[in-house]
Amino acid sequence: MDTIIEHRSLARILTSLAESKEERSLTSHIARQLSTSQDGKEKAVLAEMLASMLFESQDKYSENVLSDFVKSLVLSTTDDREEMIHKKLQLGSQIALSVPAILDRLLGETESIISTLIFAASKSHAASDDAFEINVEPFLDKYCSFRLEKNQKSESPEFFQTLYPVVIQHLCFLKIILLSDTKEAEFARTHIADKSVLIHLIFSLIALRNLKIAELSCHIFRLFLGNSDSVLHSGTSEMVWDGIKILLESPIHADLTFSIWLRWVSLTGPSSRPSEEMLQQENYWILIQNGLTTGFSERRKFCLYILNSSLRLLSEPVDNKLIKYDPSSVKDSAAWSKYSTMIEIISLSTSTNQFLATVPDLRRLLKPFSPIYGSWIVILMTLGLTSSCGPLQKAVWEFLLSLEGKELGKLLEDERGKNFINDIFLPYSIAAHHFSTQKGNDNRCEYGDKLAGFLKKVVIQSRDPAALLDFVDNRQDTIFAPARVYVMKGIMDGVLEIFGHGLGVEEMAVLVSISKMKRFALLKTDLCISICFRILLSIKLHRKMIEPFFDSMAEIFAGKEYLITANFSRSLRELFADNNDIGRELSSVLADLSSSFETYNTEDIPTKNLFRAIFLITLFDDRGQGLSKVLDSISVDKNRFRFLSLLFSCKLLVEEILQDSEARKILLEALKNIGNDLPGNVSRRKYAAELAALFYHQRTHHFLNQLSNTALMPILKSSWDLIHKQGWVKIPGNPKQNAEFDIEVEKLSGELLAVGDAAVSALIEKGHRVGFPGKAEVLELIKIFPLPILDQNKHENMVKLRVVGKFLYSGYSLLNSLISQSTEEELNDEYVTILFDTTRKMLRYIDKESLLRILECFRTVFRNAPTSTKRYPRLDLLVRELWDCADVTSAVAVESPLEISLIRTIFDVSVIRASFETNKALAETLPEIGNEIMKLSKGKRSLAPVYAGKLREAYLSAPDVFCACKWVVDIFIEFINYTPSKDPDFFVENSVARIFDEISSQLNHYKQYYEEREEMAQVYIFDILSRLDPNSFSASTFANCLRDKIYAPWALNKPGMPVYSKWKKASQLQVLLVLERFVTAEESASFLNTAISTLCNEPHPRYRFILEWIVALCIIRFPENRDCLWGYLQAPVNPNPRLQASLLRVAIMVARELEENLKEEFYTELLYTVIPLSNNNKVAVRHQATSMVLELWDDLAQWQHLRDNVVFQRLRQSILNSDFFKQIVAAGKLESEKTFNVKSNYTFAGIFSGSYLLGGDEADIIPLELFVSLKNQNSRTSFIPTGTAKQLESSTGVVEFTKTEMEALVEAPLQTKSGSWDAKALVEANEHRRSKVSSHRDQGPDIIVIASLIENAYNLGGLSRISEIMGVTALCFNSKDSLKLKDFTSVSVSSEAWLPIEELKVADIPDYIRSKKLAGYSAVGIEQTDRSVIIGDENNRLPKKVVLLLGSEKYGIPAELLAELDLCVEIPQKGETRSMNVQTAAAVVLYEFCRRFG
């Protein structure tokens, strides 16, 4: 066709010459024909002819026509197909290369259009998508003499949308020019090199936000560097380096920049590659380090190549802060070679085993003599911890934790190392999923302890705890709560080792900020506050730091005064005792502080100043003098009471102050003679309220206890008399009584009652029996208290209720103190009835604080008058109203003291007794409330243990009454099925509480904050069950009822039951095991029959284990049933292999515990049962029988005649000689293979903490220590021993979990592989064996697969098979020798016979790719990079003509080849492996190309 067009064109030219009357050259005629022709193909032929002729001669007119034609090709519209545009550009480049003048003209236009774009982009707003990402003005000014004008109006978006396609076409034209490999192209590259401004402008385009132009410009510049090495000017190297530094200021185009750098270091010209001066700069290596630690694997490959190439370029030794390397040193070269290998292993292959193999070398690199600085090792660790491979991350983390001394010091020697801890290590380490405790032993969190230990070493080595504190502070409340505890503990331990080095005033402020993080649970919040205080106490103080030190202490402990323990106060004194200079300053500091107090005449003294005064007083030897000085300086009553209130809230500090007799007198003086200090006039009421507030919540209780009775009685009488004398409460006969509820009056009444309550409590604790006021008087005072009328004003209602609440709080607190010294006779029916009825009337008005006091008062009544509940007829109503009043269902997720107090009151033993004996309505109310509690306990952990604890108290107090309560059985079933919460934030709570115990002098912080542990709910229930006496009728009835209800669903087991059922729990069978002693002789046979039937159908290994245990115990207690085993083992009608294996274990358990006179007979029967079963055709039976042979041999030592059995002896010998037995012995598992002892393990340790609970699906393990804590709490006998921790080591053995068999087969589809061949294709293939014959291949994509990087012959065979099936055009191998290998042919199935396979050496891949690009192919790689296109996304365009490059199995596509690719594709993944076999990856990608293009 092209020949015909050429002939026609030539004919037209000759005709034109013949008809022309003008004398024109042949070129002019061709040019005219070119300008007038409308046929595109003809124009192309004419242009090529004209270009060939102009190469030999000059014709200005023809040049202009040809130039216009080439320009039209370059600017061909984007409406054309991509393939057509490429052909036009290729034609234009060929013509331009043939005519230098045209090339020069086009290059000039390219420079002009690029300048226009740069100028327009520079005027755009900095946030615009059309602007530069970074400032390129200095670069343009230096290398292009291109000055950008300031304050110019920005171009419109439409302008850029018009300009971009033009620039892209010019750049594509330039790209094809640089890709050409002709002689003319060599001249063109020299010409372009001479036009250095154009290259510099193109380089600056890489800084644009427009990604397409930036990538295209980068590609052109790489081509320019790679193909023009010999013609580059001397200043090119400096220009590239300056450009790289500018471009890397922004991360957007970092990968493009590193690809340029890679090409730059690959140059061979000494003037074009990096100079020695550049290589000596620290910044050069910093940028490489930054590249290694950022981006995806593509960037890391680039940077690793750059690093290695740069080291090879060095001719002189380099030694700066970043790198030390001597090119002539073999040791240096070896060290850096090792380092590069480690980068590849950690970053590219992500192989955990390979990393572990390099650990010895890695340790050598961390030695002081190593030439590798710590910052480079930090990069390795960063790559490891940021890897997508979880096992590798863990291995690197463990390696870091193993570092000690100088190794760790080298890692932290510079800023990068210190930043690594905060930026990489800690974010990985504080992830919630790392923190867990060992099942059944949550006293320690091993991971948390390791983390704290490592951070301690970091602090000691770096001597810079401030950085770690900043990390915690900056995270604020986003950090995982237990992680914050362990991080702070590590910091604290390190700070204590270095005696506070590196901490100052700024760190004090940080500690205050950390202590204010309140989002976390109270325990962890308070623990962090305590840790902050310990760190604060380690700071080395000087004079100027005293004030901020005490301010910080005040800030930390504001509202947390209860955390000031004896340990802390002792540490505070030691801090100042060790620093004599500071100690001498304390007097003047206190004097200055006291003087400042005198200036506060009307305003409040800041709380931190009051705190500072309290802390200073404790540090004085003469505390009385210090206290006197402070009190004398506070002239305003309000501030004086604020100081006293704050002082009394710091209980331990007050106790220390009160050790000074003078201080005790001063405090007593401030509080005594309340009656004298509170005259009746109203103006002093405020004074009285402030003073009374000190007694509220018994803040001064510990102080009053130290006063004598003669000092306490005036306080009591004064407060009580003032209530009566002033008429502040309506008292019958008092003429001054108020007619209505008066907020001020009633408020003061409540406060005065608080004063009286504090005095009464102190007198009673000192052993004084208080007769005044009487409990009847106090109850009458409560009864006649004027209740307010609530209206529509919510604010006023809240104020009124608050006043009522305070009064009731103080009144019931005082009443509780008086009732506590009363006898049952004094608490008669009339008094108790009035108390309960009065309370019911008040319930509408009480708040939570007053309700707590009411409940405490009721429990005192129950304790001192236990029969009172039976005589109060409306107890069921009172109980329900109390529960409803608390409104527990709307409470927050964390349990409150009110809910716990309610449970302790409602389920008091006297209430439970009343429900059984007198109040039948109460017997319905209690289980209803109990069910509500169990529902609430799923979110509030401490409710269930408190509830169960009260039930246990009730049982121990009145077991017969307790067992007679029918509703208790259902509650027990709720507890047995109770599942502890799985909140990850709470998993390590006990271990965190243990840390708190270590830091402070107090113990058992867990109970202090959370009451009982959640597992204690079941501990209490199982403890009750263990104490039930089989000889008691009520206990037997209760136990049998409970057992029957629990066992009922298990008895319904059918063959084929699923292994895992939601309703089944190990705790249910544990109850049956605990209650096995209630099986009587009469029902034993029936019970065993049912249990064995259940065992027969139960598939779950752990449940089978417990059932075996139950059966064995029952037979041991009733040996007359022992023969029931032989029917199932010797001649079963329907043999069940799993049941037979179980009963063999039961048999040997029974044999060991039978009475001596029964043992020989039973062992004989067992032996003659085991021998034939050891050859059973069922694996489960054969394995169990065989494994028992050795146990039987040991057990039959006293019966030699049984051992003399020849078959038995030979069977034993064959087992001893087997490889299986030798492996067990070598692994030390011989003991664990033995059947466990059912009697010695029948303990709380064996049943609830045994190793049979480990493995398989999760089962709750109850720590043995919880049972130990109950061991000596009651004299009532437990029928189950506690057991010991040592017993756990070899108690029950681990239950083996095996994969279950498929329950059913699905109908399999028929294979149709034989029908996938095209018969016509097979015929044609015989005629053209090496050609592509399938018609569908001509219509599909044109794909060349390069597999030269792949070494494994097995993978190459698979690729051959896949490529042939998918219709690949050609497949390239590094060597065709692979075709002869057995691994190749075993997989390829002769596919190589139908597929063109070419030999392409690895070194020739870049040139091959470039040549294919000129032919219109796009270079595509399968690799995970930050710019990879996701395969399968319809929005992503894929080319039809493709050179598909596959990476190596281990390292993927190397950096130098990634730089040659136009596109990388990535297969979407959901899992964690992040790695796919190369055959599989190629198949997925090839299928996608075929799906797209047919």
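We use all heavy atoms of the structure for the numbers below, so side chains are in, but hydrogens, waters and symmetry mates are not.
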**Message:** Under a 3.5 Å threshold, yes or no: a donor from one side chain and an acceptor from the other, between Asp997 and Tyr1006?
**Reply:** no

**Message:** Would the distance check show the side chain of Asp414 and the main-chain N or O of Gly417 forming a donor-acceptor pair, the cut-off being under 3.5 Å?
**Reply:** yes

**Message:** Holding to salt bridge (charged side-chain N to carboxylate O under 4.0 Å, His left out), I want the full list of residues that pass it with Glu1015, two or more places apart in sequence or in another chain.
**Reply:** Arg1013

**Prompt:** Any chance the side chains of Arg612 and Asn609 put a donor and an acceptor closer than 3.5 Å?
**Reply:** yes

**Prompt:** Hey, mind stepping through Phe611 and Phe550 against ring-ring contact (aromatic ring centres under 6.0 Å, His included) and telling me if it holds?
**Reply:** CA-CA 8 Å; Phe611 249 125; Phe550 284 112; over 10 Å; no

**Request:** Could you tell me which residues satisfy ring pair (Phe, Tyr, Trp, His ring centres under 6.0 Å) with Phe420, sequence neighbours excluded, listed by chain and number?
**Result:** none

**Request:** State which residues pass side chain to side chain contact (heavy atoms under 4.5 Å, CB included) with Asp449; sequence neighbours excluded, sorted by chain then number.
**Result:** Arg444, Tyr486

**Message:** Is any side-chain heavy atom of Glu989 closer than 4.5 Å to one of Lys524?
**Reply:** yes

**Item:** Set of residues satisfying side chain to side chain donor-acceptor pair (under 3.5 Å) with respect to Asn474, sequence neighbours excluded
**Value:** none

**Request:** Assess whether side-chain contact (heavy atoms from CB on, under 4.5 Å) is satisfied between Glu555 and Lys516, documenting all intermediate values.
**Result:** CA-CA 9 Å; Glu555 290 278 354; Lys516 296 301 179 184; 3.9 Å; yes

**Message:** For the backbone of Ala395 and the side chain of Glu398, can you confirm whether one donor and one acceptor N or O come within less than 3.5 Å of each other?
**Reply:** no

**Request:** Verify whether the ring centers belonging to His434 and Tyr428 lie closer than 6.0 Å.
**Result:** yes

**Asked** Cut-off 3.5 Å, side chains only: do Asp847 and Tyr809 have a donor facing an acceptor?
**Response** no

**Donor-acceptor pair, side chain of Glu407 and main chain of Leu366, under 3.5 angstrom** = no

**Charged N-O contact under 4.0 Å between Glu404 and Lys456** = no

**Prompt:** Would you say the side-chain atoms of Ser375 and Gln289 include a donor-acceptor pair closer than 3.5 Å?
**Reply:** yes

**Prompt:** For Ser513, which residues count as a side chain to side chain contact (heavy atoms under 4.5 Å, CB included) partner, sequence neighbours excluded?
**Reply:** Asp473, Gln476

**Partner residues of Glu1011 under the salt bridge (charged side-chain N to carboxylate O under 4.0 Å, His left out) criterion, sequence neighbours left out** = Arg904

**Item:** For Tyr373, all residues meeting ring pair (Phe, Tyr, Trp, His ring centres under 6.0 Å), sequence neighbours excluded
**Value:** none

**Message:** I'd like to check the side chain to side chain donor-acceptor pair (under 3.5 Å) partners of Glu415; sequence neighbours left out, ordered by chain and number.
**Reply:** none

**Item:** Donor-acceptor pair, side chain of Glu413 and main chain of Gly374, under 3.5 angstrom
**Value:** yes

**Message:** Just to verify, what does Ser429 make a side chain to side chain contact (heavy atoms under 4.5 Å, CB included) with, not counting sequence neighbours?
**Reply:** Trp397, Phe425, Tyr447, Leu451

**Item:** By side chain to side chain contact (heavy atoms under 4.5 Å, CB included) - contacts of Lys1007 (at least two apart)
**Value:** Asn1004, Glu1012

**Request:** Considering non-hydrogen atoms only, spot the tightest contact between Gly494 and Val459 and give its length.
**Result:** C-CG1, 3.6 Å

**Request:** Take Arg994 and Glu1265 through the salt bridge (charged side-chain N to carboxylate O under 4.0 Å, His left out) test and state the conclusion after the steps.
**Result:** CA-CA 14 Å; Arg994 293 299 175 103; Glu1265 64 186 59; 3.2 Å; yes

**Complete:** Hits for salt bridge (charged side-chain N to carboxylate O under 4.0 Å, His left out) against Lys410, two or more places apart or cross-chain, chain-then-number order -> none

**Item:** Lys450 vs Glu446, salt bridge (charged side-chain N to carboxylate O under 4.0 Å, His left out): CA-CA, chis, key distance, verdict
**Value:** CA-CA 6 Å; Lys450 285 182 178 180; Glu446 184 180 358; 3.7 Å; yes

**Item:** Partners passing salt bridge (charged side-chain N to carboxylate O under 4.0 Å, His left out) against Lys394 (at least two apart in sequence or in another chain)
**Value:** none

